[in-house]
Asker: 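Structure in structure tokens, see below.
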Amino acid sequence: MPHEMYTRIEKAIKDLTGVPDALLVDGGEHADLATTVAFALAKQKKQAPVKIAQDLALELKKNPDIAMVTVEAKGPYINFTFGSAFVSEVLKDAVRPGYGNLPKKPTRVVLEHTSANPNGPLHVGHIRNSIIGDTLARAFRKAGYPLEVQYYVNDMGRQIAIVVWGFDNLDSARQDNEKEDAHIARIYIAANRAIEKDEGITRQVNTLMQLVENGDPATVKKFRKEVSRCLDGFAVTLKDLNVRHDRFVWESDFIRNGNTERIINRLKRMPQAREEETLALDLSEFGFTNKYVIRRSDGTSVYAARDLAYHAWKGANFDRIIDVLGADHKLIGAQLQCTMKLIGEKAPEIVHFEFVSLPEGSMSTRAGKFVSADDLITEIRKRAFDEVTARRPELDEATRKAIARSVGLAAIRYDIVKVSPEKSTVFDWKEALDFERQSGPYIQYAHARACSILGKAGSFTECFELETEQEIAVAKKIARFPEVIEQVVAELRPHILAVYARELADTFNTFYHFEPVLKSEGKVRDRRLTLVKAVQNTLKESLQTLGIDAIETM
RNA sequence: GGGCCUGUGGCUUAGCCUGGACAUAGCGCCGGGCUUCUAACCCGGAUGCCGGGGGUUCGAAUCCCCCCAGGCCCGCCA
């Protein structure tokens, strides 16, 4: 509906002026939409923009297609303001469950995210990937796409060989209550220390890698065992973060099923192939200065080859491929895309996010320098529990714990998703543990507040005719929700939804403080309760798309 | 050395792709508001050469060029 109106206004302007790129801009505080077409016409018409705007506004007012909007010339601008008739139409949708769901689409989408190496627990950098990926996944589902979310398990890298070497050669017993992934990190860190002291170990690690690539059953079994244990640990963390994968795809499967070999044979025939000791692609004609190595001189494949095989498989089963990857993968991601196109396969769309570092520098699993997601979750739940206990001492402990879990999850997910992915960030405990404005709990609180009002109201007759400025402001925010979902999916930028949800909560809070709902009477009470219901529903849908629990009390 | 990303009040940040009306919000600071629907809230105030310099344009935080600073990458690692 807003979109349709937008198109209609745009058409009206184009028909009238003949300016093809007469785009509408945000009217800010002056109006809902505005056009600056008068500036562009000033030269050709040899008239002042103000005069042109006045004349155009007069003509636009006569256009029956846009009768629902108020047209007004203000200086050189022509402003468009939606009337309350428009707003009431939108509200009728917004009070219904599933508001913001877009029409079903046939395009099958596969989305890969997280895919962290299984050599230690997920840390606060990895979960930026998980949260961006999972939020995108939820937005895609809301936008009507059939979607599968995958985790690509790197089960045959050097890191895993180091882990396996550590378990074979070091004191590797698991400590009491030690989580699997933390256990693996401890052994991985110790093995790396040993390697620094003794270069002979590197040869042993290389042997392990050869064995696994050749499919030696005992070695493959060992690798799988440690990787599985690490993934079991990840599963707990991801569940705590409300992040879900539909399928775990194992890298080594692409060796076993012959797909890697098949793709290497195709790559060999490319004009860009350089087969010397290694097999590599020369992509310099596309601006890549380094060689893209596919196969080692000892005949084993490198990560890139398996990754190409994996993507070819994704392309065969899905229409669109989306990968969420760290900024460190930009170059290899671009090489992958380039190569896929050259062999006539679908190339992935890649969402890159910049790094999360610690105040003392970048994180490193190998050096043991990281803040694990588990530690963050434990700490934030503790903080949230104290907060809930202070505010709601009358609630029993189980209820307070449940609220604390939801609030903690909200704080973590929102803190991470609210920042544009291209911004590198420094992890800050104080900010991560903040429950105030511009936080997930702030939005949850607005939702709980709306629920509370509705709970006390009892039954009422829905009324969609809003009147006051505050009421209309809230309704216009609500009206934007479907476009926001569309935009997130189109631009692959989930932080847009985070910003929107916060703005909706802001607008509702202001309304709440100025316009009494329960104490008003008759039609006013009905229409305000209807508005509260629409806000509650839209906040709920927004929060759920952000992977945050829309709790009803807190 | 080359490539990509970032630089917006003391701190964090939206807007940049698709140029327009006094640059968005939070934290912190100052001043107000709970006998009133949940104060994890609201209202008001101070704080900006939008990294610097050039250019394009009637108009630049936004587009182009140069420079500076930070992050990431440039492996027979993954």
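Note: hydrogens, waters and symmetry copies are ignored here, and every other heavy atom, side chains too, is used. In what follows, every chain begins at residue 1, and chains take the letters A, B, ... in the order their sequences are listed.
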Asker: Which part of the nucleic acid, if any, lies within reach of Glu515(A) when heavy atoms closer than 4.0 Å are counted: base, sugar-phosphate only, or nothing?
Answerer: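 Base contact.
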
Asker: At less than 3.5 Å, do the side-chain atoms of Ser424(A) and the base atoms of G71(B) form a donor-acceptor pair?
Answerer: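 Between G71(B) and Ser424(A), which were checked side chain against base, a qualifying N/O pair under 3.5 Å is absent.
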
Asker: If you assign each of Leu518(A) and Phe514(A) to its closest nucleotide in RNA chain B, which residue comes earlier from the 5' end?
Answerer: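 Its nucleotide being nearer the 5' end, the pick is Leu518(A).
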
Asker: Report the distance from atom CG of Asn537(A) to atom NZ of Lys533(A), rounding to the nearest 0.5 Å.
Answerer: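 Reported to 0.5 Å precision, the distance equals 8.0 Å.
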
Asker: Taking any heavy-atom pair under 4.0 Å as a contact, classify Val388(A): base, sugar-phosphate, or nothing.
Answerer: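 Val388(A): base contact, heavy atoms under 4.0 Å.
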
Asker: Would you say whether Tyr77(A) stacks on G20(B)? The test is a distance between ring centres of less than 5.5 Å and an angle between planes of less than 30°.
Answerer: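 Given the distance and angle limits, no, they do not stack.
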
Asker: Taking the cut-offs as 6.0 angstrom to the six-membered ring centre and 45 degrees off its axis, would you call Arg224(A) and Trp250(A) a cation-pi pair?
Answerer: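 The answer is yes, since Arg224(A) meets both limits relative to Trp250(A).
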
Asker: Hunt down the Watson-Crick or G-U wobble partner of C50(B), both distances under 3.5 Å, from any strand shown, or write none.
Answerer: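 Here C50(B) is not engaged in any pair, so there is no nucleotide opposite it.
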
Asker: What's the closest nucleotide to the side chain of Val293(A) if the choices are C76(B), C37(B), C74(B)?
Answerer: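 Taking heavy atoms from C-beta onward, the closest nucleotide is C76(B).
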
Asker: Under 5.5 Å centre to centre and under 30° between planes: does that hold for Phe39(A) and the six-membered base ring of G20(B)?
Answerer: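 Stack criterion met.
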
Asker: Can you confirm whether or not the ring centre of Tyr310(A) sits under 6.0 Å from the ring centre of Tyr152(A)?
Answerer: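 Under 6.0 Å, so yes.
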
Asker: Looking only at N and O atoms, is any donor in the side chain of Asp328(A) or the base of A78(B) less than 3.5 Å from an acceptor on the other one?
Answerer: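 Counting by modelled atom types and ignoring angles, no donor-acceptor contact under 3.5 Å is found here.
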
Asker: Under 4.0 Å, heavy atoms only, any strand: does Met554(A) hit a base, just the sugar-phosphate, or nothing?
Answerer: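 Counting heavy atoms under 4.0 Å across all strands, the contact made by Met554(A) includes a base.
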
Asker: Taking the same atom, C1', in G9(B) and in G51(B), what whole-Å distance lies between them?
Answerer: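 Roughly 14 Å separates the two C1' atoms.
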
Asker: Any side-chain N or O of Tyr512(A) under 4.0 Å from OP1/OP2 of A39(B)?
Answerer: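 So the side-chain polar atoms of Tyr512(A) do come within 4.0 Å of the phosphate oxygens OP1 or OP2 of A39(B), strictly under.
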
Asker: Should the side chain of Ser297(A) and the base of C76(B) be counted as holding a donor-acceptor pair, with the cut-off at 3.5 Å?
Answerer: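 Donor-acceptor pair under 3.5 Å: yes.
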
Asker: Under the criterion side chain to side chain donor-acceptor pair (under 3.5 Å), I'd like the reasoning laid out for Thr399(A) against Arg392(A): C-alpha separation, chi angles, the key distance, then a yes or no.
Answerer: CA-CA 10 Å; Thr399(A) 308; Arg392(A) 305 292 300 276; over 6 Å; no

